[in-house]
Amino acid sequence: MEEELLRIRREKLQKLWEMGIEPYPYKFDRQYFSSDLLEKFGTLGVNDDSQLNDPNAPRVKVAGRIMSQRSKGKTAFAHIQDMHGKIQIYARKDILGDLVYEAFSKQFDLGDVIGVKGVLFKTHTGEITIKAEEITLLSKSLRYIPVGKEKVMDDGTVQRFSDVDDKEFRYRQRYADLIMHPEVRETFVKRSKIISSIRQFLDQRGYLEVETPILQPLYGGASARPFVTHHNTLDMKLYMRIALELYLKRLIVGGFDKVYEISKIFRNEGMDRFHNPEFTMLEFYEAYSDFHDLMTLTEEMLGFVCHTVNGTLEIDSMGHRVNFKPPYARLSMFEAIKQYTNIDVSEMSEEQLRDECKKLHIHTEPAWDRGKLIDELFSEKVQSHLIQPVFITEQPIEISPLAKKHRSKKGVVERFELFILGSEVANAFSELNDPIDQRQRFEAQMGLRARGDEEAQMLDEDFLRAIEYGMPPTAGEGIGIDRLVMMMTNQESIRDVLFFPTMRPE
RNA sequence: GCGUCCAUAGCUCAAUUGGCAGAGCAAAUGACUCUUAAUCAUUAGGUUCAAGGUUCGAUUCCUUGUGGACGCACCA
């Protein structure tokens, strides 16, 4: 049957050639988007057809995809969809002429792209409509788009019938998903706005956007397993980056005092609705600042982003109302654990922590040290409770090999993670710029690697050489863009904020 | 990587204890000069995800595989 549908379309294409109608012309001078016309001419009276017989009335030209068609013999209605919405067109045989009307009503299908020139009027049911004087085929669609019929309800919402509900279809053929689902397009428009508003925010504060290598001889800056690839000419192993951190700090050494990068990073790990193998990361670094400064900056940035995208600082997402209005709560990791579990980990040994985890039925690995155990306790028992924005500060030094020791507290670093809706949104610290200390931290990581921790970080001699030249005191932060977009757009799966999520081959 | 669930017409879904595989929409043909889930009439459309098994008989039960969704583990 599918073949039958495709065959019919191809026959129509052939018929169009025979009729002298070019199915794939080169250009159309589009004048308005549908939304422009609905706004601009919304004041037309119901059933106002005063312009219809007026040769001097303004002619409008729009272009888009046919999304519905209601033929009534010698007249027909259709809706065409462009980037900003839909508009109805009204076709009459006596205006368009036999040939064009014949083509329009017989050879055109849902999914075809057409250009329309005509006069606006409002139907007696009150819909702004273009009475077509010219209809031009701009692209014949050979593949059937299963577009569901729609009904606009009294409250303005659109109810769709027999809509495609198959997630697999929608992810694999996002182009078709986007045609059929304006709300999906909306999500991605918001995604785009989120990213551009971040750029705007950082640019305004004197940050320079930079690009650093994706293919790296050594991967670092995070704990994760990498993708490995090979360069033929150099005959060498290359890794896809797992973080932006180490190269951006090299630029701080080089004298770029405020830099940021928004780009894809890659982690060779499990996939679920929060994880895609490639995802977008923002990292920014600012010389002469510390992690306190970044907390303030982060509050301002998220407030700005949320307001730009949603027009408000309070949004409903994941079943909660979240308030992005600064300032956000601040709590040390130890305080947070104490608050939610009544356990004081500040003086506990590795042994004691292991016992506490066991009591709470938290799975542990023998390779885990004190810091990792505390982090695990936090992740299991505290994190999901953190709904409103909260900065969790002063993480254990063992799990923060690139962060500076806390200036006054032992065993922890100057770091914060921002949690919202139970999920980590930002991770920042006063960057470790003591090359001797940094070398020791790397060596400790190599020790973990020897203990069997595949994700422990690698010692990067070139990075050490860079900070041996002297890196100013610096604060740096990373924000996972996809998670932020999920939050801001109320999407439950990362696949719904990625145009083309990673899928197995068909 | 492990577990649970799902896969029937182009789309959304039915199909009684295991007994001739159906409907709406979309499509084709025809009627219809303000329709809007347009309407009316007619027609066509199926390797029931794949392979194997049980059975007189499998969309239905069993096994394996493929793809997806969800959960767990790992992680952001």
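Labels below follow one simple rule: chain letters A, B, ... track the order of the sequence lines, proteins then strands, and each chain is numbered from 1.
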Going through the checks in order, is the side chain to side chain donor-acceptor pair (under 3.5 Å) test met by A:S430 and A:E414? CA-CA 6 Å; A:S430 300; A:E414 298 212 346; 2.9 Å; yes
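- Side-chain N/O atoms of A:H124 include one lying less than 4.0 angstrom from OP1 or OP2 on B:rU35.
- Heavy atoms from other residues, nucleotides or ligands lying under 6.0 Å from CD of A:E183 number more than 12.
- Nucleotides B:rG3 and B:rG19 are separated by 35 Å at their C1' atoms, to the nearest Å.
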What are the atom names and distances for every N/O pair under 3.5 Å that joins the protein to nucleotides 28-32 of chain B?
unit_1: B:rA28; atom_1: OP1; unit_2: A:K12; atom_2: NZ; d: 2.4
unit_1: B:rC32; atom_1: N3; unit_2: A:G73; atom_2: N; d: 3.3
unit_1: B:rC32; atom_1: N4; unit_2: A:G73; atom_2: N; d: 3.2

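- Within 4.0 Å (heavy atoms only), A:D166 reaches sugar-phosphate atoms of the nucleic acid but no base atom.
- Atom P of nucleotide B:rC25 and atom CG of A:L110 are separated by 14 Å, given to the nearest angstrom.
- Put simply, A:R70 has a side-chain N or O that comes within less than 4.0 Å of OP1 or OP2 on B:rA38.
- Residues meeting the side-chain hydrogen bond (donor to acceptor under 3.5 Å, both in side chains) test with A:E492, sequence neighbours left out: none.
- Of the C1' atoms belonging to B:rA58 and B:rA50, the separation is 16 Å, rounded to the nearest Å.
- Residue contacts for A:D482: at a heavy-atom cut-off of 4.0 Å it reaches no nucleic acid atom on any strand shown.
- Annotated stems with RNA chain B as a participant read B:1-7 with B:66-72, B:10-13 with B:22-25, B:27-31 with B:39-43, B:49-53 with B:61-65, given as range with range, by first number; only runs of 3 or more Watson-Crick or G-U pairs under 3.5 Å qualify.
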Test log, rule side chain to side chain donor-acceptor pair (under 3.5 Å), inputs A:D496 and A:Y171: CA-CA 8 Å; A:D496 293 321; A:Y171 295 146; 2.9 Å; yes
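- Donor-acceptor pairing under 3.5 Å is recorded for the side chains of A:T280 and A:R191.
- B:rA21 and B:rG46 are spaced 8 Å apart, taking the C1' atom of each and rounding to whole Å.
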Without placing hydrogens or testing angles, list every side-chain donor-acceptor pair under 3.5 Å for residues 95-102 of chain A, not counting sequence neighbours.
unit_1: A:Y101; atom_1: OH; unit_2: A:G73; atom_2: O; d: 2.8
unit_1: A:Y101; atom_1: OH; unit_2: A:T75; atom_2: N; d: 3.0
unit_1: A:Y101; atom_1: OH; unit_2: A:T75; atom_2: O; d: 3.1

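- Annotation: B:rA15 and B:rA27 have their C1' atoms spaced 24 Å apart (nearest Å).
- Look at the P atom in both B:rA31 and B:rA37: the space between them is 25 Å, to the nearest Å.
- Under the 4.0 Å criterion applied to side-chain N and carboxylate O atoms, A:E299 and A:R330 are assigned as salt-bridge partners.
- A salt bridge is defined here as a Lys NZ or Arg NE, NH1 or NH2 lying under 4.0 Å from an Asp or Glu carboxylate O, and A:E11 with A:K15 fails to meet this definition.
- In this structure, A:F274 places its CZ atom 11 Å from C1' of B:rG71, rounding to the nearest Å.
- Among the heavy atoms of the strands, none lies under 4.0 Å from A:Q159.
- With sequence neighbours excluded, the residues forming a side-chain hydrogen bond (donor to acceptor under 3.5 Å, both in side chains) with A:S68 are A:R70, A:H79, listed by chain and number.
- Aromatic rings of A:Y247 and A:F463 (six-membered ring for Trp) have centroids beyond the 6.0 Å cut-off, not under it.
- Using a 4.0 Å heavy-atom criterion, one finds that A:E455 contacts the sugar-phosphate atoms exclusively.
- A:I179 places its CD1 atom 19 Å from the P atom of B:rG10, with the value rounded to the nearest Å.
- At the heavy-atom level, A:R9 lies nowhere under 4.0 Å from the strands shown.
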Taking only nitrogen or oxygen atoms into account, show me every contact under 3.5 Å that the protein makes with nucleotides 40-42 of chain B, one pair per line with its distance.
none

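- When heavy atoms are screened at a 4.0 angstrom cut-off, A:R160 is found touching no nucleic acid atom at all.
- No side-chain donor from either of A:E150 and A:Q159 sits under 3.5 Å from a side-chain acceptor of the other.
- Contact annotation for A:G270: base contact, defined as any heavy-atom pair under 4.0 Å involving a base atom.
- A heavy atom closer than 4.0 Å to some atom of RNA chain B occurs in no member of residues 396-404 of chain A.
- Across all strands, A:F279 comes closer than 4.0 Å to base atoms (heavy-atom distances).
- Every residue two or more places apart in sequence or in another chain was checked for a side-chain hydrogen bond (donor to acceptor under 3.5 Å, both in side chains) with A:T229, and none qualifies.
- Between the P atom of B:rC72 and the CD atom of A:E269 lies a distance of 17 Å, rounded to the nearest Å.
- Look at OH on A:Y90: it is 5 Å from C1' on B:rU33, rounded to the nearest Å.
- Using a 4.0 Å heavy-atom cutoff across all strands shown, A:K372 reaches sugar-phosphate atoms only and no base atom.
- One can place CZ of A:R504 at 19 Å from P of B:rA7, the figure rounded to the nearest angstrom.
- Using the six-membered ring where Trp is involved, A:Y32 and A:F41 have ring planes that are perpendicular, over 60° apart on the 30 and 60° scheme.
- Looking at heavy atoms from C-beta onward, A:F416 lies out of side-chain contact with A:E394 at the 4.5 angstrom threshold.
- Residue contacts shown for A:R143 are absent, as no nucleic acid heavy atom lies under 4.0 Å away.
- Across the P atoms, B:rG18 and B:rC62 are found 11 Å apart, a figure rounded to whole Å.
- Residues that satisfy the salt bridge (charged side-chain N to carboxylate O under 4.0 Å, His left out) test with A:E209, not counting sequence neighbours, are A:R199.
- Computed from coordinates, the A:Q457 CD to B:rA76 C1' distance equals 14 Å when rounded to whole Å.
- A:E286 and A:T474 are not linked by any side-chain donor-acceptor pair at a separation below 3.5 angstrom, with hydrogens and angles left out of the test.
- Identified under the salt bridge (Lys or Arg N to Asp or Glu O under 4.0 Å) test for residues 260-275 of chain A, with sequence neighbours left out: A:R241-A:E261, A:K264-A:E278.
- Heavy atoms of A:N268 sit nowhere under 4.0 angstrom from any nucleic acid atom.
- Applying the salt bridge (Lys or Arg N to Asp or Glu O under 4.0 Å) rule to pairs touching residues 377-392 of chain A yields nothing, sequence neighbours excluded.
- The separation of B:rA26 from B:rC11, taken at their C1' atoms, amounts to 7 Å, rounded to a whole angstrom.
- Annotation: of the two residues near RNA chain B, A:D272 and A:M503, the 5′-most nearest-nucleotide partner is A:M503.
- Taking a 4.0 Å limit (strictly below) on heavy-atom distances, residues 144-152 of chain A reaches RNA chain B at A:Y144, A:P146, A:K149, A:E150, A:K151.
- Taking 4.0 Å as the cut-off between side-chain N and carboxylate O, A:E133 and A:K117 do not count as a salt-bridged pair.
- The separation of B:rA76 from B:rU60, taken at their C1' atoms, amounts to 44 Å, rounded to a whole angstrom.
- In this entry the distance linking CZ of A:F161 with C1' of B:rC25 reads 11 Å, nearest Å.
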